[in-house]
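Encoded as structure tokens, the structure appears first; notes follow it.
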Amino acid sequence: MMTEEKSLNFIEEIIEADLKAGKHKTIATRFPPEPNGYLHIGHAKSICLNFGLAQKYGGKTNLRFDDTNPVTEETEYVENIKADVKWLGFEWAEELYASDYFPQLYAFAVKLINKGFAYVDDSTSEEMAKQKGAPTVPGTNSKYRSRSIEENLKLFTEMKEGKHPDGSKVLRAKIDMGHVNMLMRDPVIYRVKHAHHHRTGDTWCVYPMYDFAHGQSDAIEQITHSVCTLEFVPHRELYDWFIEKLEIYPSKQYEFARLNMTYTMMSKRKLMQLVNENLVSGWDDPRMPTLSGARRRGYTPEAFREFCEKIGVAKRDNLIDLSLLEFCVREHLNKIAYRRMVVFDPLKVVITNYEEGKLEMMPSENNTEAAENAGVREMPFSRELFIEKDDFMEVPPKKYFRLSPGGMVRLKSGFIIKCGEVIKDANGNVTELRCTYISESRSGHDTSGVQVKGVIHWVSAAHAVPVEVRQYEKLFVTEDMNAIEDDFKNHLNPHSLHVLPKVYAEPALLNAKVGEHFQFLRMGYFCLDPDSTREKLVFNRTVTLRDSK
RNA sequence: UGUCCCGUGGUGUAAUGGUAACACAGCAGAUUUUGAUUCUGCUUUUCAAGGUUCGAAUCCUUGCGGGACAACCA
């Protein structure tokens, strides 16, 4: 038997080397979102990576909210992030918050002061920006840099006690204002903010900066492999510096390239702008790249996990084809979605040789592609039907194999019909087709011997259920949204949402539930939208069928 | 005009000094009671130049190209 050796990504290689060298017995990772927005597809990559790594190597993953900035963070986001991670199919070992570590982080800061590695600075942010220098120009020392340990201790205590207003003082690490790495030029590690925190309330008025919270939190949790995106590469030096000076658990940071997708905007800030300016219906608008949007649209966790598996993990910048995600969605939906028939743009067909008032129930497979037998549902068949306007052409082109005058077509799971008379209105528009059916051609019991190439979907006119359908296209018309220089809103696709208020569904769809997936035959994959009421069902188009017409 | 990271088909990802491969996309064709699914085939690849080596996508050097870095954001 062949054992298929799957190649390792660079992080797995590091982990296996660490494990082999006995550096760790097991691994610990974490997923550290900031609760200031909703999770998007890019986060899915990070979630699958962090949780996947721990699963693969028998370790654990913590969910840790990086909530060190009270002015942007809210509990609402916390709840939605948790729901999204669960939906993706992952379980965290512990639910933690950087804010839980505020006392310890404060103590770390005091320790740094005591070791002479931090000082209180009264400079304004403008002055500090000036002191920073530039990438090619070394910075200059602040005049407060040489304060005594005692004075620093006293001032930092006062900061904590609320004796200094916002912005008047900060605590900075004392490193090297001439360092080639800008982040090492005495970074701010604590700032005064008289702001209400979503968890700690008004307990604190000093809050640590990211660089003084993240690595320390990793150390407290004994995270072995702290995996983040490439923009944090320059932070690694600082990350290691704090760990060394504080003499705490030596977590290691590793960086991978974030996910970029064609026609997709991954910036949380800009997504929030779309929400706030009502350019979309909310964070869960089905056009949004958020996980809640994707879920509402009908994308599945299985599809996302497969997608993340397929895109791999590396360090070079990438721009993944949206079509790869769509491929994964179709691949999964093809296996699980029940087939249903819905006529979007109806054309009435009267079967003249079918008895008036007669009703037959036609069994039709729910899904022949499912792993297990998905059974059938019954479709009412009667003398008057709707078919798709598109499925009839008065003057058919060469390779058209649906209905045309005198032509024949198979009604899926029904009979073969032959088009006789074409009825038009005063303007010459086709309004009705008078057809005949071949009674021996009943699906599954066809003894007619008639062969037709075309098979179309249909509904019985009297039994059709009017429902609404919302068709979505990509939100942006520009392939690489990272490359644009003007306002991203200039790149919005004006046709990203197309609502069909009234289409005709087969009766079985009356039982549709939110969370179920359907394939409307020849039209695409759909799911019930939570906007639906008993009077009016609304279906979202998840993705079209592959079209090789 | 500094430091760091990165360069493999159109897009991603592998090949860990020994035949450049897999997926998506694209293009053909077969099958099909969904123009879906399935199946078959095809197109298209190592940034450049030197060097090391019997042998280089891989190691070395120098270029070139792309990205990141100067928030009291994360």
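By convention in this document, chain letters (A, B, ...) are assigned in the order of the sequence lines, proteins followed by strands, and residues within each chain are numbered from 1.
In this view, K82(A) and L63(A), F65(A), V78(A), E79(A), W92(A), E95(A) satisfy the side chain to side chain contact (heavy atoms under 4.5 Å, CB included) rule, not counting sequence neighbours. For Y106(A), the ring-ring contact (aromatic ring centres under 6.0 Å, His included) test picks out F156(A), W204(A), with sequence neighbours left out. R522(A) pairs by the salt bridge (Lys or Arg N to Asp or Glu O under 4.0 Å) definition with D391(A), not counting sequence neighbours. When the salt bridge (Lys or Arg N to Asp or Glu O under 4.0 Å) test is applied to E309(A), the partners found at least two apart in sequence or on another chain are K6(A). F392(A) is linked by a ring-ring contact (aromatic ring centres under 6.0 Å, His included) to nothing, counting only residues two or more places apart in sequence or in another chain. For E12(A), the side chain to side chain contact (heavy atoms under 4.5 Å, CB included) partners are L8(A), N9(A), L53(A), K56(A), Y57(A), not counting sequence neighbours.
Every pair passing salt bridge (Lys or Arg N to Asp or Glu O under 4.0 Å) that includes a residue from residues 178-195 of chain A is listed here, sequence neighbours excluded: R145(A)-D186(A). The salt bridge (Lys or Arg N to Asp or Glu O under 4.0 Å) analysis of residues 126-136 of chain A, with sequence neighbours excluded, yields no pairs.
Paired runs in RNA chain B that reach 3 or more consecutive Watson-Crick or G-U pairs, where each pair keeps both distances under 3.5 Å, cover B:2-7 with B:64-69, B:10-13 with B:21-24, B:26-30 with B:38-42, B:47-51 with B:59-63.
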Per-nucleotide protein contact string for nucleotides 33-43 of chain B, where B marks a base within reach and S marks sugar-phosphate only (heavy atoms under 4.0 Å, - for neither): BBBBB------
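In the region residues 164-177 of chain A, proximity to RNA chain B at under 4.0 angstrom, judged on heavy atoms, holds for G167(A), V170(A).
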Could you list, one pair per line, each protein nitrogen or oxygen that sits under 3.5 Å from a nitrogen or oxygen of nucleotides 2-11 of chain B, together with the distance?
residue	atom	partner	partner atom	Å
U8(B)	O4	R316(A)	NH2	3.4
G10(B)	N2	D321(A)	OD2	3.4
U11(B)	O3'	L319(A)	O	3.0
U11(B)	O2'	L319(A)	O	2.7

